[in-house]
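Any value given below was found using the heavy atoms of this structure, including those in side chains, with hydrogens, waters and symmetry copies removed. Below, chain A is the first sequence line, B the second, and so on; all start at residue 1.
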Amino acid sequence: MDLITMITIFVLAAFVGFEVIAKVPTTLHTPLMSETNAIHGIVLLGGLIVIGFANSTLDEVIGLIAIIFGTVNIVGGFLVTDRMLEMFGTKKKKKADSGDGAE
Amino acid sequence: MPLAALAPDSGLVGLLYIVSFSLFIYGLRLGTHPTTARRGNGLAAVGMAIAVITTLLLQGIGNWGLIFAGILIGSIIGAVASKRVKMTEMPQMVALYNGLGGGAIALIAWSEYRHWVHIDKALSTSGEITSRQDLRELVEGSHLSIKVIPETFQIFGSVPLEVLIPTLFAMVVGSISFWGSNVAFGKLQELIPSQPMGLPGQKVINGLLLIGIIIGGVVLGVNNDLGDLSQPLFIAMLVAAAFLGVMVVLPIGGADMPVVISLLNAFTGLSAAAAGIALENTALIVGGTLVGSSGTILTLEMATAMNRSVANILFAGFGSPAGAGAGSQEERPHRSMTAQDAAIQLAYADSVVVVPGYGLAVAQAQHAVREMADELEKKGVSVGYAIHPVAGRMPGHMNVLLAEADVPYEQLKEMDEINPELPQTDVCVVIGANDVTNPAAKTDESSPIYGMPIIEADEAQQVLVLKRSMSPGFAGIDNDLFYHPKTSMVFGDAKQTVSDIVSELGEL
C-alpha cells in the first residue's frame with residue numbers, strides 16, 4: 001500500500017473520529033475514554049505481526065510484552081466500559097427483567 | 001499453522017479490516033446516548049475480535065506458543081482488573097491503560113526497526129544473492145512490509161523513509177505516553193505526591209530532550225545506511241523520550257489530571273496510527289486515529305472548561321511551586337453548622353442542588369448522597385446535581401460515580417444547564433468541591449482561576465459546604481464562597497456528614 005493511500009485513510013479517519021466523538025455527551029466521557037482505551041488495544045495486531053517474524057530472543061520478549069499489553073487493553077477496556085455503561089440507562093429494564101424472572 | 005493462511009496483500013484481509021473498523025466507528029456512534037452506548041461497546045468489541053482473528057490468519061504469522069501465552073496472560077489480567085477496579089479508581093485505570101498502549105507501540109516500533117536492520121545485515125553480508133529468487137528466499141517468512149524489495153530488486157542499505165519516519169514517531173510518542181501515563185497513574189494512586197514537582201531549569205531540560213530526539217531522528221533519516229551506530233542511537237532516542245514523558249507529567253498538579261489523561265490518550269492513539277502506517281495495517285491506522293481524535297477533543301474540552309490553554313497546563317501550571325501563594329490569607333470569619341441544622345435547612349427547602357466534587361469521590365460518599373436525595377424527595381423537595389466538566393479526576397468521572405449510586409440520568413445537569421436555575425434554588429449543597437464554585441473566577445481579575453467557567457453556587461438562596469476543613473483546594477486558592485454570609489460550613493468527612501444528615505432527615 002502506498003504512503004499516500006495510508007495518509008488518505010488517516011486523514012479521513014480523523015475527520016470521522018472528530019464528527020462522531022464531538023457528539024458524545026459529557027456524561028459519557030469516562031466510558032468513552034475507557035472504550036477508546038480498548039480500541040487502542042488494536043496495537044495487539046502490531047505485536048502479532050512483529051512476534052511472527054522475530055529473529056532473536058530479544059524480539060520475542062519485546063513482542064510478547066507488546067501482546068500482553070495490547071490484550072490487557074482490549075479485554076480490560078471493553079469489560080470495564082461494559083460495567084460502567086450497565087449503570088447508565090439500562091437500569092430500569094434490568095430490574096423489570098429480574099422481576100419477571102422472579103414471578 | 002492456520003487452516004487458511006491469508007496473503008497479507010489479499011483483498012480479503014483488507015475487507016475484514018474494513019468490517020472491523022466500521023464496527024469501531026458505529027460502536028462509537030452509538031456511544032452518543034446512554035441507552036445505546038452499551039450495545040455500541042459490544043459492537044466495537046466484535047470489531048476488535050474480527051481484526052485480531054484476521055491478523056492471526058495472515059500468512060507467515062508464527063510463534064504460536066508465545067502468541068497464545070501472551071493473549072492468555074493479557075486476557076486474565078484484563079478480566080480480573082476490570083472486575084476489581086472501583087469506579088473511583090477509573091482515572092488511574094485509564095492512565096495505566098494509556099500507558100500500556102503507548103508502551104506496546106514503542107516496543108513494536110523498536111522491534112520493527114530491529115527487523116529492518118536485521119534484513120539489511122543479512123543482505124549486505126550474504127554475497128550470494130544473484131537472483132530475485134534468492135532474495136525472496138532470504139526474506140520469505142520475514143516480514144510483511146518486505147515485499148517492496150523484490151519490486152525494486154535492489155539491495156538497499158536503508159530503511160525506506162516511509163517506514164522509518166512513522167516508526168520513529170510511533171516509538172517516541174509511544175514512549176512519552178508510556179512513561180507519562182505511569183507518572184500520572186502514580187500520582188492518581190498516590191504512590192507519588194500529587195503536588196506539582198519540578199527541578200530547577202526543568203523547561204530547559206525538556207527543551208533539550210525534545211531537540212535531542214528530533215536531531216536523532218534527522219540523523220537516522222539522513223544518514224540512513226544502518227551502520228553499527230544506528231541501533232544505539234535508536235535506543236538513546238527511546239530513553240530520551242522516556243525521560244521527556246516523566247519530566248512533562250511530574251510537574252503537573254492533581255487538579256490538571258483530566259487534561260493530562262486526555263492528552264496522553266490522544267498521544268497513544270496517534271502513535272498507534274503511526275505504527276499502522278509503518279506496518280501497512282489499515283485497522284491499526286483507523287483504530288489509532290479514532291482514539292487520537294477522541295483524546296484531542298477531550299483535551300480541548302477540558303482545557304476550555306478550565307479556561308486555560310493546553311500549553312499553559314503542560315508548561316506553566318498554576319499550583320506550580322512558584323505559582324499561587326497558598327496560605328497567604330489570614331483567618332476570615334465563616335459560619336459553621338451541625339449536620340442536624342443542615343438537615344433541617346434542607347428539609348424545609350423546595351429545591352436543592354448538589355454540587356459534587358472530587359472530595360465526594362474520595363470519601364466514597366456517592367451512595368450516601370443518593371440516600372439523602374431520596375429522603376428529600378420523599379419530603380417533596382426537588383433535587384438535582386450540578387456537574388462541572390472537570391469535576392473528578394477525568395472527563396465525565398463524576399457522572400459515572402453518581403450513576404454507580406443509581407442516581408437517575410435525568411437529574412444530572414451540566415454546568416450551562418444548571419447555572420440559570422441556581423438563583424431560584426433554595427439550598428445549594430457543595431460536597432467536596434472547591435475551585436469549581438469559587439466566585440473569584442468571575443469577579444477577581446487577579447485570581448489565577450479568573451475566567452474559568454464555574455458552577456454559580458453563590459447565586460443560590462443558601463449554600464451548605466461539606467468539607468473537611470477550611471484548607472484551599474488543589475489550586476491553592478482561597479474560596480470566597482466559604483466566607484459568604486449565606487454560606488454555612490459543615491465540617492467533617494463527607495460520607496459521615498451526609499449519613500448524619502440522612503438519619504436526621506429520617507427523624508424529622
Side-chain angles (χ1 to χ4, degrees), chain A residues 1 3 6 9-10 13-14 16-18 20-24 26-30 32-37 39-40 42-53 55 59-60 62-82 84-85 87-90, chain B residues 24 28-29 31-32 34-35 37-38 41 45 48 55 61-63 66 70-71 73-75 77-79 81-82 90 94 97 100-101 103-105 107-108 111 118 142-143 162 268-269 272-273 275 277 279-281 284-287 289-291 293-294 297 389 395-397 399-400 403-404 414:
Chain A
M1 204 184 331
L3 189 60
M6 291 192 286
I9 295 172
F10 170 78
V16 170
F18 269 91
V20 171
I21 287 152
K23 294 194 178 75
V24 176
T26 321
T27 320
L28 293 176
H29 277 173
T30 294
L32 169 70
M33 284 197 93
S34 71
E35 188 174 342
T36 58
N37 266 172
I39 290 177
H40 72 55
I42 190 133
V43 298
L44 171 61
L45 305 196
L48 295 176
I49 292 171
V50 298
I51 204 171
F53 306 105
N55 7 55
D59 284 308
E60 288 186 340
I62 293 174
L64 180 65
I65 297 173
I67 288 177
I68 295 175
F69 282 6
T71 313
V72 171
N73 263 349
I74 293 174
V75 175
F78 281 124
L79 287 179
V80 88
T81 310
D82 189 65
M84 260 187 276
L85 290 172
M87 304 183 315
F88 284 95
T90 52
Chain B
F24 293 162
L28 288 170
R29 180 77 189 74
T32 54
T35 51
R38 199 176 174 203
N41 184 54
M48 185 62 77
T55 309
I61 290 276
N63 248 331
L66 284 179
I71 291 181
I73 296 170
S75 301
I77 297 174
S82 71
M90 212 45 74
V94 166
Y97 281 12
L100 293 183
I105 291 157
L107 290 173
I108 288 163
S111 183
H118 176 87
S142 185
H143 196 286
E162 68 251 43
T268 307
I277 291 178
L279 293 168
E280 300 192 16
N281 186 306
L284 200 42
I285 299 176
V286 177
T289 309
L290 291 174
V291 179
S293 324
S294 166
I297 290 178
H397 190 200
N399 300 84
V400 171
E404 186 194 16
E414 291 182 22

Flag the one option from [options] with the top tally of heavy-atom pairs under 4.5 Å to chain B.
options: A/Val24, A/Ile21, A/Val72; answer: A/Val72
options: A/Val20, A/Leu45, A/Thr26; answer: A/Leu45
options: A/Leu64, A/Ile68, A/Leu44; answer: A/Ile68
options: A/Val75, A/Ile9, A/Thr27; answer: A/Thr27
options: A/Ile62, A/Ile65, A/Asn37; answer: A/Asn37

Spacing of [X] atom [atom1] and [Y] atom [atom2] [to the nearest 0.5 Å]:
X: A/His29; Y: B/His397; atom1: NE2; atom2: NE2; result: 14.5 Å
X: A/Ile49; Y: B/Ser111; atom1: CD1; atom2: OG; result: 11.0 Å
X: B/Asn399; Y: A/Met84; atom1: CG; atom2: CE; result: 11.5 Å
X: B/Leu284; Y: A/Met6; atom1: CG; atom2: CE; result: 11.0 Å
X: B/Thr289; Y: A/Phe18; atom1: OG1; atom2: CZ; result: 10.5 Å
X: B/Thr268; Y: A/His40; atom1: OG1; atom2: NE2; result: 4.5 Å

For [X] against [Y], the heavy-atom pair lying closest together:
X: A/Val43; Y: B/Ala104; value: CG2-CB, 3.7 Å
X: A/Met87; Y: B/Val400; value: CE-O, 3.5 Å
X: A/Gly46; Y: B/Ile108; value: C-CD1, 3.7 Å
X: B/Ser82; Y: A/Gly76; value: CB-O, 3.7 Å
X: A/Ala13; Y: B/Ser293; value: O-OG, 4.3 Å
X: A/Phe69; Y: B/Leu100; value: CD2-O, 3.3 Å

Heavy-atom distance under 4.5 Å between the side chains of [X] and [Y], does that happen here?
X: A/Leu32; Y: B/Leu28; answer: yes
X: B/Ile277; Y: A/Leu3; answer: yes
X: B/Leu290; Y: A/Thr36; answer: no
X: B/Met90; Y: A/Val80; answer: yes
X: A/Ile67; Y: B/Ile71; answer: yes

With respect to chain A, which residue among B/Ser75, B/Ala79, B/Gly287, B/Ala275 yields the maximal number of heavy-atom pairs within a distance under 4.5 Å?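 Option with the greatest count: B/Ser75.
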Against chain A, work out which of B/Gly74, B/Gly70, B/Gly78 has the most heavy-atom pairs shorter than 4.5 Å and name it.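 When all of B/Gly74, B/Gly70, B/Gly78 are compared, B/Gly74 has the most.
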*Contact part of B/Ile285 toward chain A, heavy-atom cut-off under 4.5 Å: side chain, backbone, both or neither?*
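B/Ile285 touches chain A through side-chain heavy atoms alone.
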Exercise for the section: Pick one of side chain, backbone, both or neither for B/Ala273, based on which atoms fall under 4.5 Å of a heavy atom in chain A. Expected result: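 Side chain only.
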Chain B contact via [X] - side chain, backbone, both or neither, heavy atoms under 4.5 Å:
X: A/Ile39; value: both
X: A/Leu48; value: both
X: A/Leu79; value: both
X: A/Ile51; value: both

message: Using a 3.5 Å distance criterion without hydrogens, assess whether the side chain of A/Asp82 forms a donor-acceptor pair with backbone atoms of B/Arg38.
response: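 Between the backbone of B/Arg38 and the side chain of A/Asp82 there is no qualifying donor-acceptor contact (under 3.5 Å).
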